[in-house]
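Quick notes on the structure that follows.
Lettering follows sequence order; numbering is per chain, from 1. Worth knowing before you read on, the calculation uses all heavy atoms, side chains too, and leaves out hydrogens, waters and symmetry mates.
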2 protein chains.
Amino acid sequence: MSSPIKLAELGGVIGDPARAVMLCALLDGRGHSATELSLAAGVMPQTASWHLAKLADGQLITAEKRGRNRYFRLASPLVAQALEAVMAIAIAGSRPSRSHVLSEREQALRDARTCYDHFAGRLGVALTEAFIARKLIVLSNDGGLVTPRGARLLSGFGINLSVMQQSKRPFCRSCLDWSEQKPHLAGAIAAAFATRCFDLGWVRRLPHTRAVAITPAGARNFKEQFGATVYLV
Amino acid sequence: MSSPIKLAELGGVIGDPARAVMLCALLDGRGHSATELSLAAGVMPQTASWHLAKLADGQLITAEKRGRNRYFRLASPLVAQALEAVMAIAIAGSRPSRSHVLSEREQALRDARTCYDHFAGRLGVALTEAFIARKLIVLSNDGGLVTPRGARLLSGFGINLSVMQQSKRPFCRSCLDWSEQKPHLAGAIAAAFATRCFDLGWVRRLPHTRAVAITPAGARNFKEQFGATVYLV
DNA sequence: GAAACAGTTCGATCGAAATCGAAGGATGTT
DNA sequence: AACATCCTTCGATTTCGATCGAACTGTTTC
């Protein structure tokens, strides 16, 4: 009923180190098994199970049984959006910080990664800026719109726009990239675009990380079809 | 440094009933004294002080000393946005629910209230829909844009648009109204509009609540100048 | 200067939440 | 059928966070 109570409940669910790690892991939008998440969080399987029950109870994640495994995923894009919003506070609060050396892992994440279900990092930002330059989308600080020209081109690319516009999910919105400090495209359209890129083999997922690899074919096509320059690492 | 840790810290700060009540109270965008907040949260002043220190430590609120009082307010619009995003999960999760009788207090909130620093409730939604009908703004599920026509009219209304567009604050975005289940206008432009309405005496704040009162002059002008029909209660 | 008020700090208490060992249910493999 | 794997439930332990009484600092009022 009362919103403050709900707020406290959800905050309490998020506010545990182990659970926060799990939620961040789930931000890749995929399903993860309980064991996987217990490893990520650094706790015993029993403890992880207890945490996962709490997360599910708070409606933040959903579970799906397949075989002897249970796969957990974020309950909705709303959850991802809320998590991002909370992390945005922390990012804005932390000053440019000391110039510390980036590990290879961190560098890979900055180059190209998924953010829930769409692209982020230099890849995400480069694509977004190319979309804007070609007037496929209009992006303001907060939201965005697909232009008629953009709708045509994306339909031709194999994305069914009309289906998406029916859903309650934000369609085209901006999401501040923590590594690039610039906005990148998010929402249903960005998710569909990313999915299509995976299908076409332009981008490959890497194991155990949200970082992704751009294939040579991907780099070529991003340039030719969308005018986006992305660098292979 | 690491985002999951930050997420857990912030979640933990939000995740306490007393602090959640305080944060919700601060969602009106104004400064509140420690005593005021301790009353709202239903805890002793010492306890409130302890909570407020924790909130300030987490960069969620800022304190400003005036005389023998300290006034606390949300540290940034980012915080308000994050709180709204978290509450949006809870709202989406709770089904239409049982038809329970609304108290007078709740009804006043549904009619017209502030949401952080802009209008919400039937007032906020009516204005937003009128703006859209008159093509002053374009609002998608996620974000929004001010049309050239809208920019002209709002400038004439006494809102300085160019200053706002410089700031990092979202300029024009949509925010789901929990009582109306429809989007209302948010962001810097909505805040400026609300401020102007208070200045003109079209809307008055009420003590101890986020509900606001529309004055007869306000109702008339909303209709005449913006084509929005709002009902006096 | 005394009294009233706003707010904080300190210390003790209490309760809830996180952790893991042990054990059990379910599913898949040999 | 026996075994391994995945996950959960139960119970005991321990740590941490919230609360308030008491006492203290600073500000305003009389």
Side-chain angles (χ1 to χ4, degrees), chain A residues 2 4-26 30-73 75 207-208, chain B residues 4-26 30-73 207-208:
Chain A
S2 177
I5 295 175
K6 286 286 182 188
L7 181 62
E9 283 174 6
L10 285 175
V13 173
I14 298 171
D16 172 88
R19 288 194 292 267
V21 170
M22 290 174 171
L23 288 170
C24 284
L26 291 167
R30 287 186 289 178
H32 294 258
S33 70
T35 306
E36 220 173 326
L37 293 169
S38 83
L39 252 53
V43 293
M44 291 283 109
Q46 317 93 289
T47 309
S49 179
W50 182 79
H51 283 302
L52 289 166
K54 232 172 142 64
L55 286 168
D57 188 55
Q59 310 265 305
L60 292 180
I61 62 173
T62 56
E64 185 193 346
K65 191 161 187 171
R66 264 217 314 270
R68 59 184 165 186
N69 293 317
R70 274 183 85 195
Y71 289 93
F72 298 88
R73 57 178 66 244
H208 312 305
Chain B
I5 295 176
K6 286 286 181 189
L7 181 63
E9 284 175 5
L10 285 176
V13 173
I14 298 171
D16 171 87
R19 287 194 292 268
V21 171
M22 291 175 171
L23 288 170
C24 284
L26 291 167
R30 286 188 289 177
H32 294 257
S33 70
T35 306
E36 220 173 327
L37 293 169
S38 83
L39 252 53
V43 293
M44 291 283 108
Q46 318 91 290
T47 309
S49 181
W50 183 79
H51 282 303
L52 289 166
K54 233 172 142 61
L55 286 168
D57 187 55
Q59 311 266 303
L60 291 179
I61 63 173
T62 57
E64 185 193 346
K65 190 161 188 172
R66 265 217 313 269
R68 60 182 165 186
N69 294 318
R70 273 182 86 196
Y71 288 93
F72 298 88
R73 57 178 65 243
H208 313 305

Are any non-hydrogen side-chain atoms of B:L10 and A:I14 less than 4.5 angstrom apart?
-> no

Are the side chains of B:N69 and B:T35 in touch, meaning some heavy atoms are under 4.5 Å apart?
-> no

To the nearest angstrom, the CG-P distance between A:L55 and C:dA18 comes to 10 Å

What heavy-atom pair brings B:H32 and B:R30 nearest, and what distance separates the two atoms?
-> CD2-O, 3.3 Å

Between atom CE in A:M22 and atom C1' in D:dC7, what is the gap in whole Å?
-> 12 Å

Under 3.5 Å donor-acceptor pairs involving side-chain atoms of residues 42-55 of chain B, not counting sequence neighbours:
| residue | atom | partner | partner atom | Å |
| --- | --- | --- | --- | --- |
| B:H51 | ND1 | B:R19 | NH1 | 3.0 |

Closest contact, heavy atoms only, A:L7 versus B:C24 = CD2-SG, 3.9 Å

What integer distance in Å separates A:K54:NZ from D:dT9:P?
-> 14 Å

Distance-minimising heavy-atom pair for A:A75 and A:Q59 | CB-O, 3.3 Å

Could you state the interatomic distance from CG (A:L37) to CZ (A:R70), rounded to the nearest 0.5 Å?
-> 11.5 Å

Whole Å only: how far is the CG atom of B:L52 from the P atom of D:dA18?
-> 13 Å

Atom pair distance, as rounded to whole Å: CG in A:L37 and C1' in D:dC6 = 13 Å

Whole-Å distance separating the CZ atom of A:R70 from the P atom of C:dG28 = 15 Å

Of A:G12 and B:T35, whose closest DNA chain C nucleotide lies nearer the 5' terminus?
-> B:T35

Out of curiosity, B:R73 CZ to B:L26 CG, how far, rounded to the nearest 0.5 Å?
-> 9.0 Å

B:L39 CG to C:dG7 P, straight-line distance once rounded to whole Å | 11 Å

A:N69 vs C:dT27: side-chain N/O to OP1/OP2 distance below 4.0 Å | no

Closest approach of A:S33 and A:F72, non-hydrogen atoms and distance?
-> C-CD1, 4.4 Å

In 5'-to-3' order, the base (B), backbone-only (S) or no-contact (-) status of each nucleotide in nucleotides 19-30 of chain D, using a 4.0 angstrom heavy-atom cut-off, is BBBB----BS--

Difference in axis direction between the ends of the helix from C:dG1-D:dC30 to C:dT30-D:dA1, five pairs, 10° | 30°

